[in-house]
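Quick notes on the structure that follows.
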Amino acid sequence: MTRKQVTVLGATGSIGVSTLDVLARHAESYAVFALTGHSRMEALYEQCLAHRPVYAVVANARQAQALQERLRDAGISTRVQHGDDALAAVAADERVDVVMAAIVGAAGLVPTLAAARAGKRVLLANKEALVMSGALFMNAVRDSGAELLPIDSEHNAIFQCLPADYHKGMSSSGVRRILLTASGGPFREMPLELLSRVTPEQACAHPNWSMGQKISVDSASLMNKGLELIEACWLFAARPDQVEVVVHPQSVVHSMVDYVDGSVLAQLGNPDMRTPIAHALAWPQRIDSGVSALDLLATGRLEFESPDVRRFPCLSLARQAAEVGGTACAMLNAANEVAVAAFLQQRIGFTDIPVIIEQVMNCLPSAQVIDLEHIMYADHQARQCAFDWLAQHA
Ligand code: NDP
Ligand code: MG
């Protein structure tokens with residue numbers, strides 16, 4: 001059997017590492033074609049030693065030269081390239097079957113779109129890419145015949161619970177609502193008056209998942225759920241009002257689909273990203289992910305509550321952007337990326353994050369266009385507007 005060739009964009013991150021763990025368990029079926037990293041060069045070097053990809057892609061020429069020399073000294077033939085064009089090239093290379101899109105943030109849009117346009121099986125972790133480009137991305141998938149499989153645990157769960165004909169639209173496939181679960185993050189029960197003083201360390205200490213810094217802060221503010229709401233609308237042809245957010249602190253039910261006959265289907269599992277990664281890699285088959293069996297008796301209770309939108313204004317801001325559509329979602333995402341970076345650098349407080357996003361959304365008009373140029377322009381304008389806020393206030 002010929003092995004499937006896999007490119008892992010963002011190999012050095014949390015999702016990238018989990019992906020390589022699953023791939024290593026199935027080396028007879030999958031070969032690593034390319035690995036990409038941005039700052040963690042030591043981790044990328046070790047990954048190249050272990051997985052021997054054809055290509056490694058890094059951010060700049062200096063990194064590329066240093067990594068290439070080390071690999072050559074170690075007798076590894078991996079070719080090291082650098083820059084945005086190289087990222088898109090390893091995503092679209094004709095030898096590649098599967099692309100794991102696990103770069104964080106807007107930086108992942110162009111290579112993820114390149115994989116979609118080239119008709120690959122795209123395992124989508126980089127939700128920001130879809131939030132920004134929405135219709136453009138989905139059209140690329142449709143036109144090229146790419147297979148888009150969600151890695152976000154909630155969307156992977158929804159995908160597993162939906163009928164095969166969900167592309168026709170929610171109501172024609174008998175779906176009433178999508179129930180998108182949220183853990184509620186580390187600040188679900190913190191007294192409101194303390195929220196403005198929480199530290200990046202507290203925000204990144206997620207109760208159930210171990211993830212990269214940016215998504216950890218997004219989970220704490222519930223912007224992650226807002227981005228996921230937009231992501232769900234695009235992936236499953238749903239309207240924003242057909243997606244309901246349900247807080248479920250145990251993170252065992254990864255999401256649900258509510259049908260018109262009153263049936264509710266759920267996918268459950270331990271909170272470990274190797275489950276959706278293995279599912280999407282092998283779909284429609286099933287392969288071992290290394291995740292242990294769910295022990296429901298040890299879990300004991302499954303609780304559900306509605307989200308506190310006063311505590312988490314980011315969720316409402318994202319819902320508004322989803323309803324406006326067009327470039328509003330790209331602006332929301334860009335403002336959030338700037339605000340989260342400023343919070344991680346301790347330039348602003350946690351409660352300033354929604355203030356910045358709201359300011360950006362209020363001062364910029366959104367356009368209903370779907371070409372990449374307009375999306376990038378909206379992203380740029382929103383970042384500029386957020387930087388202006390920071391220059392005045394931080
Ligand atoms: P990490 O921060 O752990 O990893 C991000 C990856 O992107 C790293 O490989 C990083 O390289 C690379 N990267 C960062 N900036 C750039 C850039 N400018 N250009 C190219 N590459 C870059 O994030 P996660 O793995 O946690 O998340 C990745 C994506 O998956 C995000 O979109 C997130 O929302 C999504 N996701 C993550 C989940 C999780 O459990 N972690 C769950 C669901 C979705 P380096 O480390 O070398 O700097
Ligand atoms: Mg998720």
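For the numbers below, each heavy atom of this structure counts, side chains included, while hydrogens, waters and symmetry mates do not. Small disclaimer: the values here were computed from a predicted structure and weren't measured. When a residue number appears, it is its place in the shown sequence, counting from 1. All ligand and atom numbering here is 1-based and tracks the order in the structure.
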In a table with atom names and distances, give each donor-acceptor pair under 3.5 Å that connects a side chain of residues 358-370 to protein atoms at least two apart or in another chain.
{"from": "Asn362", "atom 1": "ND2", "to": "Glu358", "atom 2": "O", "distance (Å)": "3.4"}
{"from": "Gln368", "atom 1": "OE1", "to": "Gly326", "atom 2": "N", "distance (Å)": "3.4"}
{"from": "Gln368", "atom 1": "NE2", "to": "Val324", "atom 2": "O", "distance (Å)": "2.7"}

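Residue contacts with ligand 1, taken as heavy atom pairs separated by less than 4.0 Å, involve Ala102 solely via the backbone atoms N, CA, C and O. Heavy atoms from both the backbone and the side chain of Met211 come within less than 4.0 Å of ligand 1. Neither the backbone nor the side chain of Lys214 comes within 4.0 Å of ligand 1, counting heavy atoms alone. In Thr12, the parts holding a heavy atom less than 4.0 Å from any atom of ligand 1 are both the side chain and the backbone.
The ligand atoms of ligand 1 that sit less than 4.0 angstrom from a heavy atom of Ala107 are 17 (C), 18 (N), 19 (N). Every atom of ligand 1 with a heavy atom of Asp152 under 4.0 Å away is listed here by number and element: 43 (C), 44 (C). Residue Gly13 approaches ligand 1 through these ligand atoms, each under 4.0 Å from one of its heavy atoms: 1 (P), 3 (O), 4 (O), 8 (C), 9 (O), 25 (O).
Under 3.5 Å, the side chains of Asn333 and Asp379 contain no donor-acceptor pair of N or O atoms. A donor and an acceptor atom, one from each side chain of His206 and Ser183, are located under 3.5 Å apart. One side chain, His279 or Asn156, offers a donor N or O that lies under 3.5 Å from an acceptor on the other. Between the side chains of Asp388 and Gln392, no donor-acceptor pair of N or O atoms lies under 3.5 Å.
With hydrogens left out, the protein atom closest to atom 32 (O) of ligand 1 is Glu128 OE1, 2.6 Å, a heavy atom. Of the protein's non-hydrogen atoms, His38 ND1, 3.3 Å is the one closest to atom 19 (N) of ligand 1. Considering only non-hydrogen protein atoms, atom 46 (O) of ligand 1 sits nearest to Arg40 NE, 2.5 Å. Of the protein's non-hydrogen atoms, Val104 CG1, 3.7 Å is the one closest to atom 5 (C) of ligand 1. Looking from atom 25 (O) of ligand 1 to the surrounding protein, the closest heavy atom is Ile15 N, 2.9 Å. Ranking the protein heavy atoms by distance from atom 29 (C) of ligand 1 puts Ile103 O, 3.9 Å first. Atom 35 (C) of ligand 1 has as its closest protein heavy atom Ala125 O, 3.1 Å. Of the protein's heavy atoms, Lys127 CE, 3.2 Å lies nearest to atom 34 (O) of ligand 1.
Under a 4.0 Å N-O distance rule, the pair Glu337/Arg383 qualifies as a salt bridge. Of the charged side-chain nitrogens involved, none lies within less than 4.0 Å of a carboxylate oxygen, so that Lys4 and Asp97 do not count as a salt-bridged pair. A salt bridge links Glu305 with Arg188: at least one charged nitrogen is closer than 4.0 Å to a carboxylate oxygen. Note on Glu231 versus Lys225: no salt bridge recorded, every NZ/NE/NH1/NH2 to OD/OE distance being 4.0 Å or above. Under a 4.0 Å N-O distance rule, the pair Lys168/Asp165 qualifies as a salt bridge.
Take a cut-off of 2.8 Å around the Mg ion (ligand 2): the protein N, O or S atoms inside it are Asp152 OD1, Glu154 OE1, Glu228 OE2.
Relative to the ring axis of Tyr30, Arg3 does not place its NZ or CZ within 45° and under 6.0 Å from the centre.
Between Gly16 and ligand 1, no N or O atom pair is found at a separation short of 3.5 Å. Taking only nitrogen or oxygen atoms, main chain and side chain alike, Ser210 does not reach within less than 3.5 Å of ligand 1. Polar contact check, Thr36 against ligand 1: no nitrogen or oxygen pair lies under 3.5 Å apart. Checked by distance only, ligand 1 and Gly10 come closer than 3.5 Å through their nitrogen or oxygen atoms.
Between Ser255 and Ala157, the shortest heavy-atom contact is N-CB, 3.8 Å. Listed here is the closest heavy atom pair of Gly105 and Asn126: O-ND2, 3.2 Å.
A distance below 6.0 Å separates the ring centres of His254 and Trp209. Aromatic ring centres of Phe187 and Phe312 lie farther apart than the 6.0 Å criterion allows.
Heavy-atom proximity to atom 42 (C) of ligand 1, evaluated over His155, Met273, Glu231, is greatest for Met273. Closest heavy-atom approach to atom 24 (P) of ligand 1 among the candidates Gly105, Ser14, Ala11, Pro150: Ser14.
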Checklist entry - Should Phe33 and Arg95 be marked as a side chain to side chain contact (heavy atoms under 4.5 Å, CB included) after you check the CA-CA gap, both sets of side-chain angles, and the distance that decides it? => result CA-CA 8 Å; Phe33 180 78; Arg95 289 165 286 181; 3.7 Å; yes

